Protein chains: 2
Amino acid sequence: MSHFSDHLPPSPGHLRARLAEAGLRATRQRLVILESLLHLPGHPTAEQVHRRVVGQEPSLSLGTVYKALDSFVAAGLTRRVASTEGSCRRYDADCSAHHHLFCTDTQEIIDFHDPQLDTLIQEFFAVRGLQGFQAQSFSLHITGNKLAGDEPRK
Amino acid sequence: MSHFSDHLPPSPGHLRARLAEAGLRATRQRLVILESLLHLPGHPTAEQVHRRVVGQEPSLSLGTVYKALDSFVAAGLTRRVASTEGSCRRYDADCSAHHHLFCTDTQEIIDFHDPQLDTLIQEFFAVRGLQGFQAQSFSLHITGNKLAGDEPRK
DNA sequence: ATCATTGCAAACATTTTGCATATCT
DNA sequence: AGATATGCAAAATGTTTGCAATGAT
């Protein structure tokens with residue numbers, strides 16, 4: 001068993017339900033956008049989502065992708081990923097607690113799940129506390145590089 | 001004693017030395033830019049650096065700020081800060097190991113130093129290891145909000 | 001003297017906006 | 001029907017580029 005995240009299996013018509021739960025209207029466009037977000041590897045930009053999505057909905061505009069992603073983030077369906085590039089936004093459909101590996105060679109950002117690490121950090125701050133700050137969530141950014149031959153599974 | 005970083009005291013002519021150590025030419029512009037970066041609170045954007053810098057060097061162009069900051073980052077004098085905004089880059093003159101507090105209310109990114117936490121994380125990975133990844137540095141991103149009245153010192 | 005850096009302006013890239021039209025509930 | 005989302009095109013924002021002139025070593 002790996003700590004690295006596997007891609008979610010193809011979601012069927014459950015997409016509608018996920019949108020409804022989040023209080024969002026299930027438009028044709030949002031369904032396709034959400035589906036793409038779940039299937040795209042890594043942490044796609046709006047552009048990348050758009051490129052995938054026009055295959056199914058050729059008239060779907062980039063502007064709509066931006067608006068849809070914004071509404072997903074506002075509704076908590078999707079997260080924005082912190083990156084050091086800063087010249088484009090990246091999105092992550094995985095809203096569960098997880099950490100990130102930044103590869104300095106390939107610029108990849110790899111998701112990394114580790115409940116044991118989560119617990120360690122939470123316990124540390126439960127004891128220590130942060131003066132003047134109420135912590136909600138933690139995400140560890142690990143910078144380094146992938147080792148040849150022994151790849152972390154995507 | 002606080003774990004939150006204080007601003008560095010005004011650097012004298014040591015700026016030249018810092019540039020020289022980094023292998024960078026000490027131009028008038030770079031001296032002013034580096035000085036501004038050290039004095040500006042938080043994690044300024046190129047724009048913000050430029051606004052401060054034109055006070056002392058009115059002809060200093062925004063393009064030059066970008067180029068200077070890039071060269072600082074390449075030389076290890078400065079870091080880019082990971083942020084979730086993604087529509088502009090933020091820089092940090094503090095290259096020592098530290099963590100970040102993200103305030104969801106004010107959007108501030110507050111530096112947070114804690115050697116004990118550094119050790120905890122390092123020990124955790126020394127034992128656990130990351131398959132296929134060679135970690136170089138760790139930075140914990142803590143999302144939450146500042147508590148009224150009891151501010152973390154800037 | 002040599003080579004890197006600057007300033008400027010134009011190009012590029014990314015994100016946002018406004019509004020008429022279409023679509024969801 | 002009523003409210004919200006879409007598509008399009010224009011504008012706003014942020015970053016990069018090319019090149020002649022300047023300045024550092």
Side-chain angles (χ1 to χ4, degrees), chain A residues 13 15-37 43-51 53-54 56-75 77-78 80-91 107, chain B residues 13 15-36 43-51 53-75 77-78 80-91 107:
Chain A
L15 297 171
R16 293 199 105 80
R18 292 186 66 164
L19 289 171
E21 278 169 45
L24 296 172
R25 281 195 181 177
T27 64
R28 208 162 11 91
Q29 291 85 340
R30 283 180 177 171
L31 289 167
V32 184
I33 292 168
L34 181 55
E35 205 247 5
S36 289
L37 203 56
H43 302 95
T45 63
E47 266 289 331
Q48 292 173 323
V49 171
H50 184 241
R51 266 203 292 280
V53 126
V54 282
Q56 300 173 63
E57 288 282 340
S59 70
L60 207 168
S61 72
L62 181 57
T64 296
V65 173
Y66 276 106
K67 287 170 186 165
L69 291 174
D70 281 353
S71 66
F72 292 178
V73 171
L77 252 189
T78 298
R80 283 221 272 259
V81 177
S83 102
T84 180
E85 310 168 29
S87 289
C88 66
R89 291 187 174 156
R90 294 190 170 276
Y91 296 86
Q107 305 286 42
Chain B
L15 297 171
R16 293 199 105 81
R18 294 186 65 164
L19 288 172
E21 277 171 44
L24 296 173
R25 283 194 184 178
T27 64
R28 210 163 9 91
Q29 292 84 341
R30 283 179 176 171
L31 289 168
V32 184
I33 292 168
L34 181 55
E35 204 247 5
S36 288
H43 302 95
T45 63
E47 267 288 332
Q48 292 173 324
V49 171
H50 184 241
R51 265 204 293 279
V53 127
V54 283
Q56 299 174 64
E57 286 285 340
S59 70
L60 207 167
S61 72
L62 180 57
T64 296
V65 174
Y66 275 106
K67 287 170 186 165
L69 291 174
D70 281 353
S71 66
F72 292 178
V73 171
L77 251 190
T78 298
R80 283 222 272 261
V81 177
S83 101
T84 180
E85 311 169 28
S87 288
C88 66
R89 289 187 176 159
R90 295 188 170 277
Y91 296 87
Q107 305 286 40

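Residue numbering restarts at 1 for every chain, and letters A, B, ... go by the order of the sequence lines. Only a predicted model underlies this, so the values are computations on that prediction, with no experimental measurement involved.
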Figure out the [atom1]/[atom2] separation between [X] and [N], and round it to whole Å.
X       : N      : atom1 : atom2 : result
B:Leu69 : D:dT16 : CG    : P     : 10 Å
A:Leu62 : C:dT17 : CG    : P     : 15 Å
A:Asp70 : D:dT4  : CG    : P     : 17 Å
B:Ile33 : C:dT6  : CD1   : P     : 7 Å
A:His50 : C:dT16 : NE2   : P     : 16 Å
A:Arg28 : D:dA5  : CZ    : P     : 15 Å
B:Leu24 : C:dA4  : CG    : P     : 13 Å
B:Gln48 : D:dT13 : CD    : P     : 15 Å

Of the nucleotides [options], which has the atom closest to the [X] side chain?
X       : options                : value
A:Cys88 : C:dT5, C:dC8, C:dT15   : C:dT15
B:Lys67 : C:dT15, D:dT17, D:dG7  : D:dT17
B:Thr27 : C:dT25, D:dT25, C:dT5  : C:dT5
B:Arg89 : D:dT6, D:dT15, C:dT6   : D:dT15
A:Tyr66 : C:dT25, C:dG18, C:dT14 : C:dT14

Checklist entry - Using 4.0 Å as the upper bound for N to carboxylate O, is an ion pair formed by A:Arg80 and B:Glu85? => result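 No.
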
Checklist entry - At under 4.0 Å, does any side-chain N or O of A:Gln29 touch on OP1 or OP2 of C:dT23? => result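 Checking C:dT23 against A:Gln29, no side-chain N or O comes under 4.0 Å of OP1 or OP2.
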
Checklist entry - Would you say D:dG7 has OP1 or OP2 under 4.0 Å from some side-chain N or O of A:Ser59? => result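 For D:dG7, OP1 or OP2 has a side-chain N or O of A:Ser59 closer than 4.0 Å.
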
Next on the checklist: Base of D:dA3, side chain of A:Arg25 - is there a donor-acceptor contact under 3.5 Å?
Outcome noted: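 Checked by distance alone, the answer is yes.
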
Item to check | Straight-line distance of A:Tyr91 OH to A:Leu77 CG, nearest 0.5 Å | outcome: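 Interatomic distance, A:Tyr91 OH to A:Leu77 CG, rounded to 0.5 Å: 13.5 Å.
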
Checklist entry - Which is true for B:Ser61 with a 4.0 Å heavy-atom rule: it touches a base, it touches only sugar-phosphate, or it touches nothing? => result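 B:Ser61: base contact, heavy atoms under 4.0 Å.
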
Checklist entry - NA contact type, B:Ala68, heavy-atom cut-off 4.0 Å: base, sugar-phosphate, or nothing? => result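 The answer is nothing, as B:Ala68 stays clear of every strand by at least 4.0 Å.
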
Next on the checklist: Reading DNA chain D from 5' onward, which residue's closest nucleotide shows up sooner: A:Leu60 or B:Tyr91?
Outcome noted: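 Nearest nucleotide further toward 5': that of A:Leu60.
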
Checklist entry - Taking B:Glu57 for the side chain and B:Val54 for the main chain, is one N or O donor matched with an acceptor at less than 3.5 Å? => result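 Answer holds: no.
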
Item to check | Polar side-chain atom of A:Ser36 near backbone of A:Val32 as donor-acceptor pair, under 3.5 Å | outcome: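 Yes; judged by distance alone, with no hydrogens or angles, the pair exists.
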
Item to check | Residue closer to the 5' end of DNA chain C, B:Ser87 versus B:Gly23 (nearest nucleotide) | outcome: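 On the 5' side of the pair lies B:Gly23.
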
Item to check | Candidate pair A:His50 and A:Tyr66, rule side-chain contact (heavy atoms from CB on, under 4.5 Å), full reasoning | outcome: CA-CA 9 Å; A:His50 184 241; A:Tyr66 276 106; over 6 Å; no

